[in-house]
Amino acid sequence: MSLSQLIGDLGEQSRGPLYQRLHHALRQAIKENKLASDSALPPERDIATDIGVSRITVRKALDALAEEGLVRRRHGAGTFVAARVEKSFSMLTSFTEDMAARGRSVRSDWLRRAAGAVTPEEAMVLGLSPGSAVLRFHRIRYADDVPMALEYSSVPAQYLPSETAVDDSLYRALEATGSRPVRALQRLRAVSFNEEQAELLGIEAGEPGLLIERRGFLEDGQAVEYTRSYYRGDSYDFVAELQIGAAR
Ligand code: 16G
C-alpha cells in the first residue's frame, strides 16, 4: 500500500500548513501501527510525488516527526519509523540496562537531585519514620537522545553516601553500596500527560502514557527504592512471559 493510500486525504486530516497536516497524518499512521515499528519510509522525493506535495513539505514533516522521536534518520540509509522499546514487565532491570540491551545510548537530564526530609507518602511506602532523610532523583530519561520517560525516585538516605553518588544509573550507585533491590512490587496504570510533563517529553498534553510505580526491596525486606516512572505510550510495548500456575 502506498503512503498516500495509507494516510488518506490530507485536506481532511486537520487544519494548518500542509507540512503540519502531513506531519499529523504520518504521526497518526505511526501511532495506529499502520507504519510498522522500525520500517523504512520511502525516500523523500517518492513521498513527495506519491502525495503530490513539494519535497520541502515532506522534509519539514519528517523533521517534526524526528524531533518528536517518532522517526529516526540513519545516515545514508534513509528515514525509519522509530522502534518501540519492548520492556519486560517481569525483570528487575534498570532503565540503563534495558536500553543498553537494545543497543540504545542512554542519558538523563536532572530535574532534581537533592536530599530532604521524608514526605508522609514516602514514609508509608518506604517504611520510614517521620523526619527520616531521603534522597530524591527526578530525571528525564533519554534513549538515543529521544525523551522516553520521566522518573521520580526516592531512596532512604542511609543507602547512598550522598545524592551526588548517582550519576548515570541509580541501580549502579545502589549496587556499589551493596543495596541494589533484589525484589520489587510494581503497580501500573494508564495516565494522560499533563502540560508540564508533555513539555518535558516533547509531546502534546493529553497524550497517553503508562505510570509504573516500583517499590524495590533488599534481601532483608527493607524498602530501598520508591520510583514512579511515566513512560510514553507511543514508545513502549510491555511484555511479560506467563506460565500456567500450579493451582489450577
Ligand atoms: C527502571 C525502573 C526504576 C529504576 C530505574 C533505575 C521500571 C518500571 N523502573 O526505570 O524503578 O529506578 O530503572 O535505572 O523498570 P538506572 O539505574 O538507569 O538509573
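Every number for a ligand or one of its atoms is a count from 1 in the order of the listing. The residues of the chain are indexed from 1 along the displayed sequence.
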From Met91, Glu97, Glu225 - option closest to atom 3 (C) of ligand 1 by heavy atom: Glu225

Atoms of ligand 1, numbered as shown, that sit under 4.0 Å from any heavy atom of Thr96: 16 (P), 18 (O)

Shortest non-hydrogen separation from Val224 to Pro156 and the atoms involved: O-CD, 3.3 Å

Closest protein heavy atom to atom 10 (O) of ligand 1, given as residue, atom name and distance to 0.1 Å: Glu151 OE2, 2.5 Å

Residue Ile212 vicinity, atoms of ligand 1 by number, heavy atom under 4.0 Å: 8 (C)

Shortest heavy-atom approach to atom 7 (C) of ligand 1 - which of Tyr226, Tyr231, Phe95, Tyr152: Tyr231

Geometric cation-pi criterion Arg74 and Phe80, 6.0 Å radius, 45° cone: yes

Heavy atom of the protein closest to atom 17 (O) of ligand 1 (residue, atom name, distance): Ser169 OG, 2.6 Å

Those atoms of ligand 1 less than 4.0 Å from some heavy atom in Arg139: 19 (O)

Ring centers of Tyr171, Phe95 separated by less than 6.0 Å: no

Those atoms of ligand 1 less than 4.0 Å from some heavy atom in Gln186: 8 (C)

Gln158 CD: over 12 foreign heavy atoms closer than 6.0 Å: yes

Donor-acceptor side-chain pairing of Arg214 and Thr227 below 3.5 angstrom: no

Option passing salt bridge (Lys or Arg N to Asp or Glu O under 4.0 Å) with Arg27 (candidates Glu204, Glu207, Glu32): Glu204

Protein heavy-atom partner closest to atom 16 (P) of ligand 1 - residue, atom, separation in Å: Arg141 NH1, 3.4 Å

Test: Arg73 and Asp63 ion pair at under 4.0 Å: yes

Salt-bridge contact Arg180-Glu225 (side-chain N to carboxylate O under 4.0 Å): no

Heteroatom distance test (Arg172, ligand 1): nitrogen or oxygen, under 3.5 angstrom: no

Shortest reach to atom 9 (N) of ligand 1 by a heavy atom, considering only Ala100, Ser154, Ser229: Ser229

From the candidates Thr93, Val106, Asp168, Leu170, the one that places a heavy atom nearest atom 19 (O) of ligand 1: Leu170

